[in-house]
Amino acid sequence: METPEINKETVSESKVVSNFIRFIIDRDLESGKHTGVVTRFPPEPNGYLHIGHAKSICLNFGLARDYKGRCHLRFDDTNPVKEDVEYVDSIMDDVRWLGFDWNEHLYYASDYFDKLYSFAEYLIEHGKAFVCDLSFEEMRTYRGTLTVPGKNSPYRDRSVEENLKLFRAMRDGGFPDGSCSLRAKIDMSSPNVNMRDPVIYRIKKTHHHRTGSDWQIYPMYDYTHCISDALEGITHSICTLEFEDHRPLYDWFLDQLPVPCHPQQIEFARLNLTYTVMSKRLLLELVTTGLVKGWDDPRMPTIAGMRRRGFTAAAIREFADRIGVAKASSMVDDELLMFCVREDLNKSAIRAMAVLNPVKLTITNYPEDKVEELEADNNPEDASAGKRMVKFSKTLFIEREDFSENPPKGWFRLGLNNEVRLKHAYYIKCHEAVKDESGEIVELLCTYDPASRGGGTEDGRKVKGTLHWVSAAHAVPVELRLYDRLFTNSDMSVIEEGKSYKDYLNPESLIINTACMAEAALMNVKPGERFQFIRQGYFHVDKDSSEGKPVFNRIISLKDRWIAKSTK
RNA sequence: AGGGAUGUCGUCUAAUGGUAGGACAGCGGAUUCUGGUUCCGUAUGUGAGGGUUCAACUCCUUCCAUCCCUGCCA
C-alpha cells in the first residue's frame, strides 16, 4: 500500500466554535484538574475508516492542536479474529492523508497485554474477579433481562487461590475456547447490564496480527480501553454515545486498579449522513459481495473512497468543523459535505473544457482549414494559475443538451437564430439542425461573428448564454466515471418492512461515459490531479489512468440553477 | 416506576438567567465570458403543560417523543 507523506495542505487553526467538550476542557484547565490535554483516536483495525471516523479524528486531533496537547493513535486490537494488518496500514494511511500526525505516539492495546494480565491477577487477588465456567447460553440466562435482575454465577465464590490457578491455566492454554472466562465481580442485580459481572478475559486460540501465538486469552474492550487510556495519561477519553452505559464500568476498573490516573470518558453523537450507511458491517458486506469495487470505491463513504473520488482532505476537515459536536443524535445533510468539497475545489481546480455528450457543430462561414489558438484562463478565481491556448476550428463539438429546437421559457443556450458565446472564442448563431432518418440531430450549422473573437464585441451587445466546446479535430476521447449517491434513501436507518439496504442501491450510482471529448491538454494528466470541467463539475484523475488513456472520476457536479428552474 | 441519554429554523449547530444567532438547504434579486463563483435580501425554530423570576432555550415540575443497552464484539 502506498504510504503518502503527511498531507501538504496545512492544517490551519480553524475558527473555533465552542462545544460541550471544549467547555469541559476549559473548566478542567481552569480548575487545575489538568495542566494540558491528551486525547486519543482508538480505532479497531477491523475495517477501513469512514467519514464518521473522520469526525472523531478531527475532533481528537483538533483538540490536541488547539490546546497544544497531543493526540495518540492507538489500535484497539483485542479481538484477533476480526483484525488484520491490512486495516492497520490503511488506517495510518488515512489519518495521515487527512492531515494529522501522532508523532511518536503510536500505540497498540496489544502492547499492554502483559500489564493487562497483571492487573487481572490483581483484581483476582483483591477478590474482584473470578473464573466462571458458565457456557454462553447459561451466562445469558444468568444475566437476566433489561427488566429482570441477573443471578450470581455458581462459580462466583471460588477462592482467590483457585481463581488464580484457573486463570493461569486459561492463559497457558489449558482450556478450550468458550469453556470459561474471567469475570469482574460487581453486581448481578444492577439495572445497568454492563455491570452484571462482565467478562474481562476470554479464551481465543487465535493468531494475533501483532502478538502472534503468544496469547490464548484476550482482554475485552471495556477492561482494556480504560486501562490503556490511564497508562497513556489520556485526560479526556472521547467516544460515541453508545458507550455512555459503559462509563460506570470504565470508572469501576480504574477505581479498583493501581493505575497512574483516571481519565474522563466523554461521549458525543456519532455522525450520520443522508443517503449513506456508516456501519462497518454493511460497508464490509458491500465490499465482500462486490456491490462496490473495494474499500476505495469512489462511492463509498470511506476515507479511501472519498480520497479516490477526489475529495480533498481540507474539504473533509472543513466539513467536520462545520457539523460541530453535540450529544443529540443527528443526521447531517450530505449537501453540506458537497458544499465543502465545491468550496475548496472552486478556489483551486484548474478549468478545462470537456463535452460529455457531443454533437457536431459546423461554422459555415469559417475558413475550411483554419486553426486558431485562443487564450483561456486556467482559473478565474486565481490569476496565478495562468492561461493556456485552446485550438479552435470550423468543426466543433458542443453538448447535445445545449441546443434546443423548441426552447423552453428562460432558455439562453443555443436555439435557432439566437446568439450564444462559445467560451473564450466567438459568438455564434445556429441556422439549421441537420437530422438523420430517425430524426436525431447529427449536425448543427452555425455562423460566427469574426468581430467577437475572444468572447466579446465592441458594440457591447449582451449575449446571455455561454457554452463550452472542443475542436473536433483536436479533441481527445477520455473516460469519465460519473458517480452519484450509492443509496436512494435519505435515512438508511429506516428500512421498509421486508426490504434490506440492498433494495435502496442507486442503479445510477456509477455511469461510465466513454463518449466524452475533451480539450487536448487533458490527454497528459497525472493521477491525483483535479479539474473543473466548465459548466459540468469537478473531476479527479483516477489511478486507473494509463498513458494516453486518462480516466476521470466525477467528484461532484457544479450546482445547477437551470435544472432547478426548468424542472419546476 | 429496568437503566442511560437527547429534544433550538427543513438540516447541523450557538446562546451556560438578560436582544434566540450562524451555516447548509430553500426562495427572491444584483453581478458574471461557467445558469459556476461572488454579493445583497428573505421566510421558517426553543417538543407540550405548569411553576420560580423584573427577566427562562437556560432553573424546578409533570408529560410527550426519539435514540442506546440483555456479545466470551468494539
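Chain letters run A, B, ... following the sequence lines, proteins first and then strands; every chain starts at 1. What you see is a predicted model; the values in this text were computed from it and never measured.
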(request) Taking side chain to side chain donor-acceptor pair (under 3.5 Å) as the test, write out the residues that go with A/Y538, two or more places apart. (result) A/Q532
(request) Quick one, give me the B/S/- string for nucleotides 12-22 of chain B, reading 5' to 3', where B means a protein heavy atom under 4.0 Å from the base and S means that only happens at the primed atoms, P, OP1 or OP2. (result) SSS-B------
(message) For A/F253, give me all partners under ring pair (Phe, Tyr, Trp, His ring centres under 6.0 Å), at least two apart in sequence or on another chain.
(response) A/Y223
(request) Figure out the CG/P separation between A/D377 and B/rG36, and round it to whole Å. (result) 17 Å
(message) Please report the distance, rounded to the nearest Å, between NZ in A/K559 and C1' in B/rU38.
(response) 12 Å
(message) In dot-bracket form, 5' to 3', how is RNA chain B paired? Count Watson-Crick and G-U wobble pairs only if both distances fall under 3.5 Å, and write | where the partner sits on another strand.
(response) .((((((..((((....[..)))).(((((.......)))))....(((((..]....))))))))))).....
(request) For B/rC12 and B/rU19, measure between their P atoms and round to the nearest Å. (result) 25 Å
(message) So, under a plain 3.5 Å distance rule, would you say the side chain of A/Q532 forms a donor-acceptor pair with the base of B/rU34?
(response) yes
(message) Between C1' on B/rA30 and NZ on A/K462, what's the gap in Å once rounded to a whole number?
(response) 13 Å
(request) With heavy atoms under 4.0 Å as the rule, sort A/G410 into base, sugar-phosphate or nothing. (result) base
(message) B/rU37, OP1 or OP2 - any side-chain N/O from A/R342 closer than 4.0 Å?
(response) no
(message) By nearest atom, which of the nucleotides B/rG2, B/rU34, B/rG4 is closest to the A/E244 side chain?
(response) B/rG4
(request) Treat primed atoms plus P, OP1 and OP2 as sugar-phosphate and everything else as base, then score nucleotides 69-74 of chain B 5' to 3': B for base contact with protein heavy atoms under 4.0 Å, S for sugar-phosphate contact only, - for none. (result) BBSBBB
(request) Would you mind listing every salt bridge (Lys or Arg N to Asp or Glu O under 4.0 Å) that reaches into residues 130-154 of chain A, with sequence neighbours excluded? (result) A/D133-A/R158
(message) Just to verify, what does A/K33 make a side chain to side chain donor-acceptor pair (under 3.5 Å) with, not counting sequence neighbours?
(response) none
(message) So for A/E335 and B/rG26, does any side-chain atom that can act as donor or acceptor lie under 3.5 Å from a complementary atom in the base?
(response) no
(message) Show every side chain to side chain donor-acceptor pair (under 3.5 Å) that has at least one partner inside residues 176-188 of chain A, sequence neighbours left out.
(response) A/D187-A/S189
(request) Can you sort out the partners of A/F243 under ring pair (Phe, Tyr, Trp, His ring centres under 6.0 Å), two or more places apart, ordered by chain and number? (result) A/Y221, A/H246
(request) Sequence neighbours left out, what passes side chain to side chain donor-acceptor pair (under 3.5 Å) with A/T457? Give chain and number order. (result) A/D459
(request) Kindly write out the residues that satisfy salt bridge (charged side-chain N to carboxylate O under 4.0 Å, His left out) with A/R74, not counting sequence neighbours, or none if the list is empty. (result) A/D229, A/E232
(message) With side chain to side chain donor-acceptor pair (under 3.5 Å) as the rule and sequence neighbours excluded, what pairs involving residues 272-282 of chain A come up?
(response) A/N46-A/K280, A/T274-A/D334
